[in-house]
J.: 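What follows is a single structure, and I will ask about it in a moment.
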Amino acid sequence: MKNQERIQHIAGKFDKTKFQTQLINWFTQDQRILPWRENQDPYRVWISEIMLQQTRVDTVIPYFNNFLTKFPTPEALAEADEQEVLKAWEGLGYYSRARNLQNAVREVVEKYEGIVPNDPDLLGELKGVGPYTKGAILSIAYDQPEPAVDGNVMRVLSRVLKVEDDIAKQSTRKLFEGLIYHLISKQDPSSFNQGLMELGALICTPKSPSCLLCPVQNQCRAFAEGIETELPVKSSKKKQKKLPFLALIVRNEKNQVLIEQRPGEGLLASLWQYPMVPLSDVDLQNATRWFYGEYGLEVELGESISRVKHVFSHLIWEMEVRTAVVNKGSLDHERARFVDPEQIADFPFPVSHQKIHTHINP
DNA sequence: AACGCGTGGAC
DNA sequence: TGTCCAAGCGT
């Protein structure tokens, strides 16, 4: 096996026993107190791992507490309405995480009596549980010596072992998984995995790592050569495409406001928003005509309220927000409806449209 | 394999 | 302001 040879080459002369001891002792001493570390409940570990995907600890904490209050058990989450789950996820981003999580929890309740599987293959079949999350649940909740390789782990090990592979490539993650199988503590795989991540979060940070405080400094090849800020190697992503929109706050004669639900798949799936005219396809002169074609309503545009910019990971919405009133016609749109202004807060909205709420004066 | 998928914080 | 990022996954 090619990868096995590389693993021997990289970690062959590395003192893994010493590394395990230093890492685990440091983690035991210096780990943060976090809500999902109160116990080893697999359900809580699972929720926390999904929420923490691409998301900072400080952001997750209040969402985690609220989520566990609303859905304390797998059964509670399985029985909940999907819109209620999305509302609890509102603002966290990557909303398919929430839908996949609920689908997977429903599967666990139906097939496994609500017990999160401790079998790697069964666990990995669940929606939203990829290689990282699977290893995290197995090691943290079930004390199994499985790798949980995230961005922290790749950064830390790139430096400690001086691995110069591009961590943006999937094949690199597999190399690190192989290295973890070799390095992991069979005695305490949970503290080992969490220790690597905690070290990446607190000490071995991307920009200016605190090497002087690092518990494994004397083992770190990058530090020894003074190249810790050169690692890891990561190819850059391309920049976002800008899309202009006209977002409309449309009121009818009863002073209700028009909102619509986005499609069930894709960007911001199943969330709600104010109607938007895509100015990349329609010029401003034709906006009302386009609107009539789309919604069956003749509207008169009012004043321009504000501009809202929304930056996604892969694109940017630049929205001009304007008021509008209905002149005539009847609403003809599958996923749109008029609601009283005070009802709007009951629907899950993306952040960009939460910002628009604040411009509505009752 | 590369791309679609959110958001807010740090510098 | 721009850039990069933070406990990834699905397709």
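Because only heavy atoms are used, hydrogens play no part in the values below, and waters and symmetry mates are left out as well, while side chains stay in. Sequence lines set the chain letters: A, B, ... in the order given, protein chains first and strands last, and positions in each chain run from 1. The shown structure was predicted, so the numbers you read here are calculated from the model rather than taken from an experiment.
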J.: Pair E225(A), K162(A) - check salt bridge (charged side-chain N to carboxylate O under 4.0 Å, His left out), show working.
T.: CA-CA 10 Å; E225(A) 297 183 28; K162(A) 194 186 174 186; 3.1 Å; yes
J.: Let me spell it out: for each of Q170(A) and E49(A), pick the nucleotide of DNA chain C with the closest heavy atom. Which residue's pick is nearer the 5' end?
T.: E49(A)
J.: Strictly below 4.0 Å, N to O, side chains only: are R6(A) and D165(A) in salt-bridge contact?
T.: yes
J.: Could you check how far NE2 of H314(A) sits from P of dT3(C), rounded to whole Å?
T.: 18 Å
J.: Pairs in or reaching into residues 314-336 of chain A: which pass ring pair (Phe, Tyr, Trp, His ring centres under 6.0 Å), with residues at least two apart or in two chains?
T.: F245(A)-W317(A), Y295(A)-H333(A), F312(A)-W317(A)
J.: How long is the line joining CE of M154(A) and P of dA6(C), in whole Å?
T.: 11 Å
J.: List in numerical order all residues of residues 53-62 of chain A for which some heavy atom is under 4.0 Å away from an atom belonging to DNA chain B.
T.: Q54(A), T55(A), R56(A)
J.: If you take any heavy atom closer than 4.0 Å to DNA chain C, which residues from residues 174-193 of chain A end up in contact?
T.: none
J.: Base, sugar-phosphate or nothing for W36(A)? Non-hydrogen atoms, less than 4.0 Å.
T.: base
J.: Quick one: side-chain hydrogen bond (donor to acceptor under 3.5 Å, both in side chains) partners of E38(A), sequence neighbours excluded?
T.: R44(A)
J.: Expected output is a numbered-order residue list: members of residues 84-97 of chain A with a heavy atom under 4.0 Å from any atom of DNA chain B. What is it?
T.: G91(A), L92(A), G93(A), Y94(A), Y95(A)
J.: Which residue, S352(A) or S171(A), contacts DNA chain B at a nucleotide closer to its 5' end, judged by nearest heavy atom?
T.: S171(A)
J.: Could you list by number each residue of residues 259-272 of chain A showing a heavy-atom separation from DNA chain C of less than 4.0 Å, or answer none if no residue does?
T.: none
J.: How far, in whole Å, is dA6(C) from dC5(B) if one measures between their C1' atoms?
T.: 15 Å
J.: Looking for any heavy atom pair under 4.0 Å, which part of the strands does R99(A) touch: base, sugar-phosphate only, or nothing?
T.: nothing
J.: Rounded to whole Å, how long is the line connecting atom CD1 of I167(A) with atom P of dG8(C)?
T.: 11 Å
J.: Check every strand shown and say whether K127(A) touches a base, only sugar-phosphate, or nothing at a heavy-atom separation below 4.0 Å.
T.: sugar-phosphate
J.: Give K309(A) one of three labels, base, sugar-phosphate or nothing, depending on what nucleic acid heavy atoms sit under 4.0 Å from its own.
T.: sugar-phosphate
J.: Checking R106(A) side chain against A78(A) main chain: does a donor-acceptor pair fall under 3.5 Å?
T.: yes
J.: Considering residues at least two apart in sequence or located in another chain, which fulfil the side chain to side chain contact (heavy atoms under 4.5 Å, CB included) criterion with P120(A)?
T.: L138(A), Q144(A)
J.: Parallel, tilted or perpendicular: which describes the rings of H353(A) and Y274(A), with under 30° parallel and over 60° perpendicular?
T.: parallel
J.: Starting at the 5' end of DNA chain B, which residue's closest nucleotide do you reach first, K169(A) or Q240(A)?
T.: K169(A)
J.: Give a yes or no on whether a salt bridge exists between E177(A) and R173(A), defined as a side-chain N under 4.0 angstrom from a carboxylate O.
T.: yes
J.: Charged N to carboxylate O below 4.0 Å: is that the case for E84(A) and K87(A)?
T.: no
J.: Can you list every side chain to side chain donor-acceptor pair (under 3.5 Å) pair that touches residues 133-142 of chain A, not counting sequence neighbours?
T.: Q53(A)-T133(A), S139(A)-N193(A)
J.: Using every non-hydrogen atom in the two residues, find where E164(A) and V233(A) come nearest and quote the distance to one decimal.
T.: O-CG2, 3.6 Å
J.: Is it true that E198(A) and R37(A) make a salt bridge, defined as a side-chain N closer than 4.0 Å to a carboxylate O?
T.: yes
J.: Quick one: L202(A) CG to dA6(C) C1', roughly how many Å, whole number?
T.: 13 Å
J.: To the nearest angstrom, how far is E125(A) atom CD from dC9(C) atom P?
T.: 16 Å
J.: Just call it for I137(A): base, sugar-phosphate, or nothing, with non-hydrogen atoms closer than 4.0 Å on any strand.
T.: nothing
J.: Using the ring pair (Phe, Tyr, Trp, His ring centres under 6.0 Å) rule, collect all pairs that involve residues 188-211 of chain A, keeping only residues at least two apart or in two chains.
T.: none
J.: Can you tell me the distance, in whole Å, between the CD1 atom of I316(A) and the P atom of dT1(C)?
T.: 13 Å
J.: State which residues pass ring pair (Phe, Tyr, Trp, His ring centres under 6.0 Å) with F14(A); sequence neighbours excluded, sorted by chain then number.
T.: F19(A)
J.: If I pick the C1' atom on dG10(C) and the same atom on dA1(B), what distance separates them, to the nearest angstrom?
T.: 13 Å
J.: Does the R221(A) side chain pair with the main chain of L161(A), one donor and one acceptor, at a distance under 3.5 Å?
T.: yes
J.: Are I7(A) and V153(A) connected into the same hydrophobic cluster when the rule is that any two of I, L, V, M, F, W, Y join if their side-chain heavy atoms are below 4.5 Å apart?
T.: yes
J.: Provide the distance between the two P atoms, one in dG8(B) and one in dC9(C), to the nearest whole Å.
T.: 22 Å
J.: First and last nucleotide of DNA chain B touching chain A, 5' to 3', heavy-atom cut-off 4.0 Å?
T.: dG4(B) to dG8(B)
J.: Tell me the interatomic distance from K207(A), atom NZ, to dC5(C), atom P, rounded to whole angstroms.
T.: 7 Å
J.: Any ring pair (Phe, Tyr, Trp, His ring centres under 6.0 Å) involving residues 45-78 of chain A? Give me the pairs, sequence neighbours left out, ordered by first then second residue.
T.: W36(A)-F64(A), F67(A)-F71(A), F67(A)-W89(A)
